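A quick write-up on the structure given underneath.
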Number of protein chains: 2
Amino acid sequence: MRDALLEFSKTFLKAECSTVGKKEYEGPLSDYFDSWEKDEYFGCRSFDEAESEMSRRNINFLLSKARYSYGDIDVICGGDLLNQCVATSFAASGTGIPYFGLYGACSTIAEAFICSALFIETGGAHNAVGFASSHFCSAERQYRFPLEYGSTRTPTAQNTVTGSGAYLFTSDRCGVRVKNALIGRIIDKEITDANNMGAAMAGAAADTVLRYRAASKDEMDSFDYIITGDLGREGHEIAAELLRRQGFTAGSRFVDCGMLIYDAEKQDVHSGGSGAGCMSSVLGAYFISRMRRGEIKRILAVGTGALLNPNSVLQKKTIPAVAHAVCFERED
Amino acid sequence: MRDALLEFSKTFLKAECSTVGKKEYEGPLSDYFDSWEKDEYFGCRSFDEAESEMSRRNINFLLSKARYSYGDIDVICGGDLLNQCVATSFAASGTGIPYFGLYGACSTIAEAFICSALFIETGGAHNAVGFASSHFCSAERQYRFPLEYGSTRTPTAQNTVTGSGAYLFTSDRCGVRVKNALIGRIIDKEITDANNMGAAMAGAAADTVLRYRAASKDEMDSFDYIITGDLGREGHEIAAELLRRQGFTAGSRFVDCGMLIYDAEKQDVHSGGSGAGCMSSVLGAYFISRMRRGEIKRILAVGTGALLNPNSVLQKKTIPAVAHAVCFERED
């Protein structure tokens, strides 16, 4: 059972919304995001508050797209990368919606999809919101250096996405359904370089894709895309190679949100985008919207997370990683 | 639906296990804990590693109590108070069990109960482990000051429990069942004193108990105990008063794990115990074991969490809080 898919039958995705920062808006997916903000403070006094404000706005926008109010939502679940997930708690505080906190590093949005589905499948919710965020400035201060230091970055480093993605799931039949999911195992490839998190997460992504392939009895060909969260260029190459060695190639159908969100050449982002806001903003804005327009039918979203903290790196610990897979499918 | 109980019908608690530190073992519940360790490093090089090691040992002990191995467990879910929940990820890493990370501050164990039940109810797991931990030394360094500073504590301050509690849930009918649960809303009483987290959490605890009372159509009299996680003496008094004003008194049936774990007089713990390890170690060791012996029949466990981080306090933000309720019942 641990290697079986979680099968869902009642969970549908009613709406999705993505709010991003200036750099993300200036990237190749510019036309797809629902809203963006040029002020990195989002009108607040600190970067922590800015991240909360971004998520709050994005959740409000999501609900207004669906013509719902806070009172219609039975549970909200999500998380972020800040210590003790404060961006999320302050965003959810004041909504009055029952709140379920998650932490899976950059895989948090996949946890939020799964958790929302579990609430809906058990009848615990008619409507559930799942969301996750990250903010370049708050993440730099927390994980690396305050921006004022002006430190340089290694070639394998990724750029934390300023972005928030929110998703409204419902038990009412509608366009896109959540078909099934697979919870990932923690994979530790003994990477210790916090500037190469793509490599740390690649093993977990490959493990989850291979377990999904086994559990789904080779349904892999039916996916228009197999989408990882934020492996970046480095991690994506490693994951593709690991999969190839196990006899699985998806070619151009195997894509990474961290590679799509920026123009690597023009935007000086080294290995690509990362962060809990990466897949959460890109998946809905770019892939689900194309699914709604009938361009694609079925995707596998593989949220990837590196389970480190700055202390664990200084203590010379390895970087364990996890990846969860969720299948979205268009209803015809 | 948002104010309705999540009803469970297939989730049973097969075994529980608590491992604590020296101070907790020297307290009034000494006889109840499954194991304890006098070395605050648990044989490791850092307090972070110590917390992971405590959880790892405790999970292994849980499984050996039930004669299960890692391979029998379909999913493990949990969290802790360290930045990015590293104690939990390093404890779960190496088990090979699919891992679902949670963060609800000190209410994390209640989230772990609920999440385990959701996996079992949907058929996503036969066997699920939920766990949470905290460690006095790692928490002091992270939230307050490194122990070496020898800073004094305010009278309302609580003592973070060194403890880990792990629970094995199963779909096989057995002694104790998880009957239902209620997800809490974030309540912000605008407390800004991080040394008075009991007061910050009291409003959330009272809100959840009152919502549970309304949803359960006044089943409250049937509970042998209504147990909060870690309000401490100060928070417990406030919560009791808030409940009294709404016409609900549970008298001596309303208890707090943070007040039970230490001898406040002799152990110099000011307002009592706190931390994600508080309810998680006390609930199983003291209450569930008494339930298994037939001394009590039905309890409501209200996990309480303060959703702050050290930065948010320095930024003069308030301390929002959340509480989730879970009903455990003995099968006759």
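In this text, all values refer to a predicted model and were calculated from it rather than measured experimentally. Numbers restart at 1 for each chain; the letters A, B, ... are given by sequence-line order, proteins then strands.
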Taking side-chain contact (heavy atoms from CB on, under 4.5 Å) as the criterion, tell me which of Ile183(A), Thr208(A), Leu182(A) meets it with Pro98(B). Ile183(A)
Most chain B-contacting option - heavy-atom pairs closer than 4.5 Å, from Ala181(A), Ala125(A), Gly104(A): Ala125(A)
Non-hydrogen side-chain atoms of Thr88(B) and Tyr103(A) separated by less than 4.5 Å: no
Tell me, do Leu307(A) and Phe90(B) make a side-chain contact under 4.5 Å, heavy atoms counted? no
Working for side chain to side chain contact (heavy atoms under 4.5 Å, CB included), residues Phe8(B) and Thr122(A): CA-CA 8 Å; Phe8(B) 303 130; Thr122(A) 53; 5.5 Å; no
Within this structure, what is the CG-OG distance for the pair Asp188(B) and Ser89(A), rounded to the nearest 0.5 Å? 10.5 Å
State the CD1-CD1 distance between Ile186(A) and Ile97(B), to the nearest 0.5 angstrom. 9.5 Å
As an exercise, state the distance from CD of Glu111(B) to SG of Cys77(A), rounded to the nearest 0.5 Å. 9.5 Å
Okay, Ile73(B) and chain A: the region with an atom under 4.5 Å from a heavy atom over there is backbone
So, the part of Leu5(B) with a heavy atom under 4.5 Å from chain A: the answer is neither
4.5 Å side-chain heavy-atom contact, Lys317(B) and Glu49(A): yes
Hey, are the side chains of Leu118(B) and Phe119(A) touching, using non-hydrogen atoms and a 4.5 Å cut-off? yes
Have a look at Asn311(B) and tell me which of Leu82(A), Val86(A), Asp48(A) forms a side-chain contact (heavy atoms from CB on, under 4.5 Å) with it. Asp48(A)
Taking side chain as C-beta onward, heavy atoms only, is Ser312(B) less than 4.5 Å from Gln84(A)? no
Using atom types as modelled and distance alone, determine if a side-chain donor or acceptor of Asn309(B) lies under 3.5 Å from a backbone N or O of Asn83(A). yes
Residue Ala92(A) versus chain B: region with a heavy atom under 4.5 Å: both
Can you name the closest pair of heavy atoms from Arg185(A) and Gly96(B) and give their distance? CD-O, 3.2 Å
Contacts with chain A made by residues 134-147 of chain B (heavy-atom distance under 4.5 Å), listed by residue number: Arg141(B), Gln142(B), Tyr143(B)
Using non-hydrogen atoms only, which part of Thr108(A) is less than 4.5 Å away from chain B: side chain, backbone, both, or neither? neither
Looking at side-chain heavy atoms only, is the closest gap between Phe100(B) and Ile114(A) below 4.5 Å? yes
For Arg2(A) and His126(B), run side chain to side chain contact (heavy atoms under 4.5 Å, CB included): C-alpha distance rounded to whole Å, both residues' side-chain angles, the deciding distance at 0.1 Å, then the answer. CA-CA 9 Å; Arg2(A) 63 193 289 171; His126(B) 282 318; over 6 Å; no
If I compare all heavy atoms of Gln315(B) with all of Ser46(A), which pair ends up nearest, and what's the gap? OE1-OG, 3.7 Å
Region of Ser93(A) in contact with chain B, defined by heavy-atom distances below 4.5 Å: both
Sort Ile187(A) into side chain, backbone, both or neither according to what part of it lies under 4.5 angstrom from a heavy atom of chain B. neither
In terms of heavy-atom pairs under 4.5 Å with chain A, the winner among Gly101(B), Gly184(B), Gly71(B) is Gly101(B)
Taking every heavy-atom pair that is under 4.5 Å apart, which of Thr95(B), Val75(B), Asp72(B), Leu102(B) has the most such pairs with chain A? Leu102(B)
